[in-house]
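Data block below; observations after.
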Amino acid sequence: MTPSIPSISSEPDPLAAAYEKVPTHLFLDSLSAARALAAEVRELIESRAKEGRNAVLGLATGSTPVPFYRELIRLHRDEGLSFANVISFNLDEYCGLEVDHPESYARFMREQLFDHIDLPKQNIHIPNGAISGDLIFAHSRDYEEQIKAAGGIDIQILGIGRTGHIGFNEPGSSRDSVTRRITLDRVTRQDAAADFRGEENVPRFAITMGVGTILNARKIVLMAWGENKAEVVQKAVEGGITDAISASFLQAHQDARFYVDASAARELTRIKLPWLVGPVNWTPNEVRRAVCWLSTLLKCPVLKLTDEHYNEHGLSDLLSEQGPAYQLNILIFNGMQHTITGWPGGKPHVDDTDRPERAKPHPKRVLIFSPEPQDAIVAMGASIERLIEHGHEVTLVEMTSGSLRVADSEIAKFCNILLELATGPGPHWEKQADYAHDALEALETKGPFGEDTPILRQLKALVLRGELRDASAACKAAHDRVKMLDLPFYERGRYRRFNPTSEDVGVVTTLLREHQPHQIFFTGEGADPSSVSGICSNILKSALKGIGEEAWVSACSFWLYQSKREPLALDEIDMAVPLSPMQLARKSHALARFGTLSSTEAGVLEENRQSACHYDQLGLAEYEAIEAFQRWRRTPV
Ligand code: F6R
């Protein structure tokens, strides 16, 4: 979730210098960071052009640089920026992939940048992943030579992997490593699994510029977006220089900077524990964060914290402003206590002053937005059941079909069953047999990585729809309460390369106006903006913005459920719905209906248990598990 950052400044914070060992610029979102970086690159290219010289750019692939590339394309198209004097070197390429392979970085670069600008083809350099193993050494040496011959890299653009890699320099890569073949880390392969339709299809090796090659660049900018990068960003920026996190080597470069959005910055000390860095504006949120942190750190229930505890852990300011400890403890304990409710839609006919959700109206029209079909049930399956039991008019809104999650083998299985039925004794099913043959042929033609044809997309969507039908029934949501939006951005795209448009926003706007809900649950705030949940959350927010101040919007309450990767921190929880052991078991049954859950998604039950443990540790009631929600406040238009 997006942390509450008191004030976002894109300049590094001098007070944080004791912690941040590489200048770190915080941006409100990836777009503003991408614009700032593109403006710097533009300046470099144009000043070099004036001098009749080339500008040498080191480029990265993956989701991170996409907004930056889109901005470069815009500058070329709308503002006449020419790339005629640019020479480019890409960081890396998967071994074993031909340049036209849908997941090769060569193809990615063509589709995301090169096909849209005037960078001369002969100036583009990308390691060749298709060459045979015995030639890789020579190829890598030549790559280094080519960089030198071009005069070295002026500005190197980087993303960061969750292993801390830059390029594909996985943990263990040395400070002086050069371009070479590398074995990809398990985490990196897991992160690429969706792109390759399964971890088993992700190449095991890649060719990458070395850490030394990267550090030779005159200027380096590493970009990171979304909460799933927050932990590694913190380690790279604030930890020691270590080959366990290649990005930490940037600390020793004289002109390296990190450009991060608010979510990727959430683990930095100045954001997470600002009282250790400098004066704090003690808003209720900050107070809650500090007290929960202190209680967790000392493994001491909130009500037992003493003045000494506060004083000895950098919170004397808070104590003198809002203390004594006793008073702060009660305030936070009560606040946390009031987040707990078994009535996520509000409890009718009772005083709701201290309840997270208002009592009226009852029943409520509730929309639960799920980016891909499994998301909402994973995060809030038990709360969905509660809402329905309590009589609310719940609609599960499946924003996309989720077809990209479904493996080819599922389709082959279905078609082969169909063929067996159709060719056995019994009904004449020639048409069905033809259909199955067509689908199997389409699978064969596209191969494991090709684009799914419409018939394959449809079948995959139906497979997931079937799973969803079963899972939502297990949460007591009748199938007619499930609304499929099949947003066009997803139907037309593939992972990391989605292009949402106003058409998507239009679909959501129509739905909202039709339902005029009293309560909305959604996710994706703080997610990587190019991920499906990040995109879906932005589409919903754009739709709300477009609708403006219609009466129902102002009265509607909005709740964020946890995203795939990051459970809510204690201080972010505004509503905690406790689960009994039976409810947790039922949620587990519901999840088992999905054949496509990732290991992270399957781990949600454990997270629900963990959330309950955290409440227990604060000295609150001990539950089996908890589903947690954060209130989202709409900025009035
Ligand atoms: C890509 C590269 C990698 C990525 C990193 C983050 O050329 O070198 O280091 O930058 O894996 O990937 P995304 O941006 O997809 O999260």
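All of these numbers come straight from a predicted model, not from anything done at the bench.
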- [ ] Show the numbers, then the answer: is there a side chain to side chain contact (heavy atoms under 4.5 Å, CB included) between Trp552 and His515?
- [x] CA-CA 10 Å; Trp552 68 266; His515 283 75; over 6 Å; no
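- Salt-bridge check for Arg405 with Glu601: passed, with a basic side-chain N closer than 4.0 Å to an acidic carboxylate O.
- With ring centers used as reference points, Phe521 lies 6.0 Å or more from Tyr561.
- Between Trp343 and His362, the closest side-chain pair of non-hydrogen atoms is not below 4.5 Å.
- Ring orientation note: the planes of His101 and Phe449 are tilted relative to one another, at an angle of 30° to 60°.
- To the nearest 0.5 Å, atom OG1 of residue Thr400 and atom CD of residue Glu372 are 4.5 Å apart.
- Annotation: the span from Ser533 atom OG to Phe522 atom CZ amounts to 11.5 Å, rounded to 0.5 Å.
- Side-chain atoms of Arg162 do not come within 3.5 Å of backbone N or O of Asn228 as any donor-acceptor pair.
- The one candidate from Thr523, Ile384, Ile520, Val482 that meets the side-chain contact (heavy atoms from CB on, under 4.5 Å) condition with Ile368 is Ile384.
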Task: Chi angles and distances behind the side chain to side chain contact (heavy atoms under 4.5 Å, CB included) call for His165, Asp185 - done: CA-CA 9 Å; His165 69 216; Asp185 190 277; over 6 Å; no
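- Checked by atom type and distance alone, the side chain of Asn608 never pairs as donor or acceptor with a backbone atom of Ala625 at under 3.5 Å.
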Open item on the list: Would Gln562 and Glu572 count as a side chain to side chain contact (heavy atoms under 4.5 Å, CB included) here? Give the steps.
Closed with: CA-CA 10 Å; Gln562 72 175 62; Glu572 294 170 326; over 6 Å; no
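- When all heavy atoms of Pro488 and Asp504 are compared, the closest pair comes out as CD-OD1, 3.0 Å.
- Counting only heavy atoms from C-beta outward, the side chains of Phe369 and Ile539 never approach each other to under 4.5 Å.
- Here the side chains of Leu456 and Asp408 are not in contact, with every heavy-atom distance at 4.5 Å or above.
- Side-chain polar atoms of Glu357 and Ser557 form a donor-acceptor pair below 3.5 angstrom.
- Of the possible donor and acceptor atoms, one in the side chain of Glu627 sits under 3.5 Å from a partner among the backbone N and O of Ala382.
- Residues satisfying the ring-ring contact (aromatic ring centres under 6.0 Å, His included) criterion with His614, sequence neighbours excluded, are absent altogether.
- Results of the salt bridge (Lys or Arg N to Asp or Glu O under 4.0 Å) test with Glu451 over Arg492, Arg497, Lys446, Arg494 single out Arg494 as the only residue that passes.
- Every residue two or more places apart in sequence or in another chain that forms a salt bridge (Lys or Arg N to Asp or Glu O under 4.0 Å) with Asp195 is listed here: Arg496.
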Open item on the list: With salt bridge (Lys or Arg N to Asp or Glu O under 4.0 Å) as the criterion, how do Arg186 and Glu199 come out once you've worked through the C-alpha distance, each side chain's angles and the decisive distance to 0.1 Å?
Closed with: CA-CA 9 Å; Arg186 176 90 205 275; Glu199 196 183 321; 2.6 Å; yes
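- The shortest non-hydrogen separation linking Ile166 to Gly159 is CG2-O, 3.8 Å.
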TODO: Tell me, with the steps shown, if Arg110 and Asp100 meet salt bridge (Lys or Arg N to Asp or Glu O under 4.0 Å).
DONE: CA-CA 10 Å; Arg110 286 205 307 276; Asp100 278 327; 2.6 Å; yes
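- Minimum interatomic distance between Val202 and Arg189 (heavy atoms only, all atoms of both residues): O-NH2, 2.9 Å.
- In terms of heavy-atom proximity, Ile377 sits nearest to Ala590 at CG2-CB, 4.3 Å.
- Rounding to the nearest 0.5 Å places CD of Glu491 at 7.5 Å from CG of Leu404.
- With contacts defined as side-chain heavy-atom distances shorter than 4.5 Å, the pair Ile547/Arg513 qualifies.
- Applying the salt bridge (charged side-chain N to carboxylate O under 4.0 Å, His left out) test to residues at least two apart or on different chains, the pairs with a partner in residues 463-473 are Arg465-Asp486.
- Contact annotation: the side chain of Ser403 approaches that of Tyr490 to within less than 4.5 Å [non-hydrogen atoms, C-beta and beyond].
- Using a 4.0 Å cut-off between a side-chain N of Lys or Arg and a carboxylate O of Asp or Glu, Lys587 and Glu385 do not qualify as a salt bridge.
- The side-chain heavy atoms of Glu624 and Leu579, taken from C-beta on, include no pair separated by under 4.5 Å.
- Asp574 has no carboxylate O lying under 4.0 Å from a charged side-chain N of Arg633, or vice versa, which leaves the two without a salt bridge.
- Looking only at distances, no side-chain donor or acceptor of Arg266 sits under 3.5 Å from a matching main-chain atom of Ala230.
- The backbone N or O of Glu227 sits nowhere less than 3.5 Å from a side-chain atom of Ser263 that would complete a donor-acceptor pair.
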- [ ] Go through the steps to decide whether Val505 and Val508 satisfy the test side chain to side chain contact (heavy atoms under 4.5 Å, CB included), and finish with yes or no.
- [x] CA-CA 5 Å; Val505 178; Val508 175; 5.9 Å; no
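- Counting only distance, with no hydrogens or angles, the side chain of Lys364 and the backbone of His518 share no donor-acceptor pair below 3.5 Å.
- In this structure, Arg481 contributes its side chain and Ser472 its backbone to no donor-acceptor pair below 3.5 Å.
- Of all heavy-atom pairs spanning Ile182 and Glu170, the tightest one is CD1-N, 3.7 Å.
- Taking both residues in full, the closest heavy atoms of Ala264 and Ala224 are given as CB-O, 3.4 Å, listed atom of the first, atom of the second, then distance.
- At distances below 3.5 Å, not a single donor-acceptor pair connects side-chain atoms of Lys483 with backbone N or O atoms of Thr395.
- Here the side chain of Asn538 pairs no donor or acceptor atom with the backbone of Ile535 at under 3.5 angstrom.
- The closest donor-acceptor contact from the side chain of Glu410 to the backbone of Ala407 lies at 3.5 Å or more, if one exists at all.
- Residues Ile455 and Tyr435 are in side-chain contact: their nearest non-hydrogen atoms beyond the backbone lie under 4.5 Å apart.
- For the pair Phe414/Leu462, no side-chain contact is recorded, criterion being any heavy-atom separation below 4.5 Å from C-beta on.
- When the options Phe168, Phe205, Phe108 are evaluated for a ring-ring contact (aromatic ring centres under 6.0 Å, His included) with Tyr94, the one that passes is Phe168.
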